[in-house]
Amino acid sequence: MASILSPAPGNVGVVRSIDDKIYVGLRPLSTRTYVAVARGSKARPFAVVRASSEKEVSVKSSGLSIEECEAAAVAGKFPDPPPLYRPQGPKGTPVVQPLPLSRRPRRNRKSPALRAAFQETTLSPSNFVHPLFIHEGEEDVPIGAMPGCFRLGWRHGLLEEVYKARDVGVNSFVLFPKIPDALKSQTGDEAYNDNGLVPRAIRLLKDKYPDIVIYTDVALDPYSSDGHDGIVREDGVIMNDETVHQLCRQAVSQARAGADVVSPSDMMDGRILAIRMALDAEGFQDVSIMSYTAKYASAFYGPFREALDSNPRFGDKKTYQMNPANYREALVETEADEAEGADILLVKPGLPYLDIIRLLRDNSSLPIAAYQVSGEYSMIKAGGVLKMIDEEKVMMESLLCLRRAGADIILTYFARQAASVLCGMKGN
């Protein structure tokens, strides 16, 4: 049945079917109607739709005409206003003279309506990118260090999770693969296998849900037998330019499968320009690059590495990821990524690095992303389980703080749960 959107009194839209029945949210509406008559057309009904579910207040009419009401107003024939009542403080409250303040900021916080009107930062499901772990198996495997998260079977569990997330308004997803050890190598060649796990998952998702946005991770650590983001030389040094060559092949493979945004998380020098040139050379000018611009060598990544079994087999990642003590260095990375053609700049981790998010926001006109990483997620989950904090309130506050700091989008494992709360549903 075809429907059109018609304006009704009060600037509220109502859905009117071509058979002239009035519907609001698929339910017939039986309120009073008005008739709008256009010259040369039949009268058609318009419904008055209330903006809330409150019942109409019954007010007894005086039966007076407008002229009689105006005459009564001129004559002042109205009862006196009630005496002014000021609520009193508890017994023992000191009596003081009001402070001579010209500004009292609390005035703008005194009611829910005012607080909502002046709220500077908003949070929406469209701000979320939902990270999803996938594996070759059929079953969904729970991740011990990340309650509520699973390694999803790419054929079924992945589709089901995306379906549930879309149902609450989340339409952006980033994929992280758990690669079988037998496919890992020192050079990470499986990363650019066109029939590998990630390309297969992308094709499946795009076939089922063509309108979603798919982000991919560009790095070698899930595919490396050494567990590092790049190729490891015999003396333990991470080889930069040779790794970038592999990353370019990986990004092109992901774009070929249908990825919308490729996301280099490796922190190799020069990789953004090289990937941009590789994508353009293969005809993927419309594929975006989200650069992990300020990715710190953080202790907050532990649960994630358990999820993918991608811990370094030796050493650490401090020669390519940033020092947590450094602030200005983020500007160096920002300037380089902008110049090389990045479309989005990401800060990782999120909440402990709000100052870095604000730094990038103040120094770049590009969209800023923040990654609320596994350690942040797991701490909130653990605190909630132990009843030390209100999980839902802390979850929502943490996401709002990331937005307030300047993030346009947030990669968060809370994406579906938070979106459910924003939709008025119980978070799950």
Side-chain angles (χ1 to χ4, degrees), residues 131 133-136 141 143-146 149 151 174-193 196-198 216-251 253-254 263-272 274-275 291-326 329-330 332-333 346-349 352-353 371 373-379 411:
F133 301 111
I134 57 176
H135 71 139
E136 294 285 5
V141 180
I143 300 168
M146 300 178 67
C149 291
R151 291 175 185 166
V174 57
L175 303 178
F176 294 101
K178 164 63 175 71
I179 301 299
D181 288 344
L183 293 177
K184 296 181 180 181
S185 65
Q186 289 185 304
T187 53
D189 295 347
E190 179 65 16
Y192 50 85
N193 177 2
L197 177 57
V198 169
T216 57
D217 180 48
V218 179
L220 296 187
D221 52 327
Y223 308 90
S224 168
S225 54
D226 294 319
H228 277 281
D229 292 45
I231 299 172
V232 183
R233 207 167 62 188
E234 63 180 359
D235 59 354
V237 171
I238 308 302
M239 305 176 73
N240 191 92
D241 298 8
E242 293 81 0
T243 296
V244 169
H245 175 81
Q246 298 290 75
L247 298 177
C248 290
R249 300 179 72 177
Q250 182 183 17
S253 176
Q254 294 170 348
S263 311
S265 64
D266 56 288
M267 292 298 288
M268 298 296 121
D269 295 336
R271 89 273 203 209
I272 301 302
I275 290 173
S291 174
Y292 282 56
T293 297
K295 181 179 180 181
Y296 285 83
S298 172
F300 283 90
Y301 303 151
F304 176 95
R305 291 174 182 168
E306 176 190 320
L308 296 185
D309 188 23
S310 61
N311 276 302
R313 299 294 183 262
F314 57 88
D316 54 43
K317 301 189 176 186
K318 294 180 179 179
T319 66
Y320 45 101
Q321 295 178 359
M322 289 175 57
N323 185 341
N326 289 2
E329 186 182 4
V332 176
E333 296 287 354
L346 181 141
V347 176
K348 181 181 181 181
Y353 292 81
Y371 200 143
V373 299
S374 57
E376 300 172 64
Y377 170 87
S378 295
M379 286 193 300
L411 284 69

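Quick note: numbers below take in every heavy atom, side chains included, and nothing from hydrogens, waters or symmetry partners. Predicted model, so just to flag it, every value in this text is computed and none were measured.
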Do Q321 and D316 have a side chain donor and acceptor closer than 3.5 Å?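 Side chains of Q321 and D316: no pair found under 3.5 Å.
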Under 3.5 Å, is there a donor on one side chain and an acceptor on the other for S263 and D217? no
With a 4.5 Å limit on heavy-atom distance, are the side chains of [X] and [Y] in contact?
{"X": "M239", "Y": "V232", "result": "no"}
{"X": "K348", "Y": "Y301", "result": "yes"}
{"X": "T293", "Y": "V347", "result": "no"}
{"X": "T216", "Y": "V174", "result": "no"}
{"X": "S185", "Y": "E190", "result": "no"}
{"X": "L247", "Y": "P264", "result": "no"}
{"X": "I134", "Y": "K178", "result": "no"}
{"X": "D229", "Y": "M267", "result": "no"}

Salt bridge (Lys or Arg N to Asp or Glu O under 4.0 Å) between R249 and D189, worked out: CA-CA 9 Å; R249 300 179 72 177; D189 295 347; 6.0 Å; no
Would you please test Y223 and V198 for side-chain contact (heavy atoms from CB on, under 4.5 Å) and show each step? CA-CA 11 Å; Y223 308 90; V198 169; 3.7 Å; yes
K318 and N323: side-chain contact (heavy atoms from CB on, under 4.5 Å), yes or no, with the steps? CA-CA 7 Å; K318 294 180 179 179; N323 185 341; over 6 Å; no
Please round to the nearest 0.5 Å and tell me the distance separating atom [atom1] of [X] and atom [atom2] of [Y].
{"X": "T187", "Y": "E242", "atom1": "OG1", "atom2": "CD", "result": "11.5 Å"}
{"X": "Y296", "Y": "N326", "atom1": "OH", "atom2": "CG", "result": "7.0 Å"}
{"X": "S298", "Y": "M322", "atom1": "OG", "atom2": "CE", "result": "12.0 Å"}
{"X": "R151", "Y": "H135", "atom1": "CZ", "atom2": "NE2", "result": "7.5 Å"}
{"X": "S224", "Y": "I179", "atom1": "OG", "atom2": "CD1", "result": "12.0 Å"}
{"X": "H228", "Y": "T243", "atom1": "NE2", "atom2": "OG1", "result": "11.0 Å"}

Looking at Y320, I'd like to know if the NZ or CZ of K295 sits under 6.0 Å from its six-membered ring centre while staying within 45 degrees of the ring's axis. no
Do S265 side-chain atoms and Y292 backbone N/O form a donor-acceptor pair below 3.5 Å? no
Short question: side chain of N240, backbone of D269 - any donor-acceptor pair under 3.5 Å? yes
Test salt bridge (Lys or Arg N to Asp or Glu O under 4.0 Å) applied to D235 - qualifying residues, sequence neighbours left out: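 Counting only residues at least two positions away or on another chain, D235 forms a salt bridge (Lys or Arg N to Asp or Glu O under 4.0 Å) with R233.
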Option from S378, P324, P349 for which side chain to side chain contact (heavy atoms under 4.5 Å, CB included) with F300 holds: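 So the option named by the test is P349.
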Test S374 against every option in P303, P131, C149 by the side chain to side chain contact (heavy atoms under 4.5 Å, CB included) rule and name the one that passes.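 Among P303, P131, C149, the one meeting side chain to side chain contact (heavy atoms under 4.5 Å, CB included) with S374 is P303.
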Would you sort out whether I238 and T319 count as a side-chain contact (heavy atoms from CB on, under 4.5 Å), showing the intermediate values? CA-CA 8 Å; I238 308 302; T319 66; 4.1 Å; yes
side-chain contact (heavy atoms from CB on, under 4.5 Å) for Y377 and M146? Distances and angles first, verdict last. CA-CA 7 Å; Y377 170 87; M146 300 178 67; 4.0 Å; yes
Are the charged groups of D226 and K184 less than 4.0 angstrom apart, N to O? no
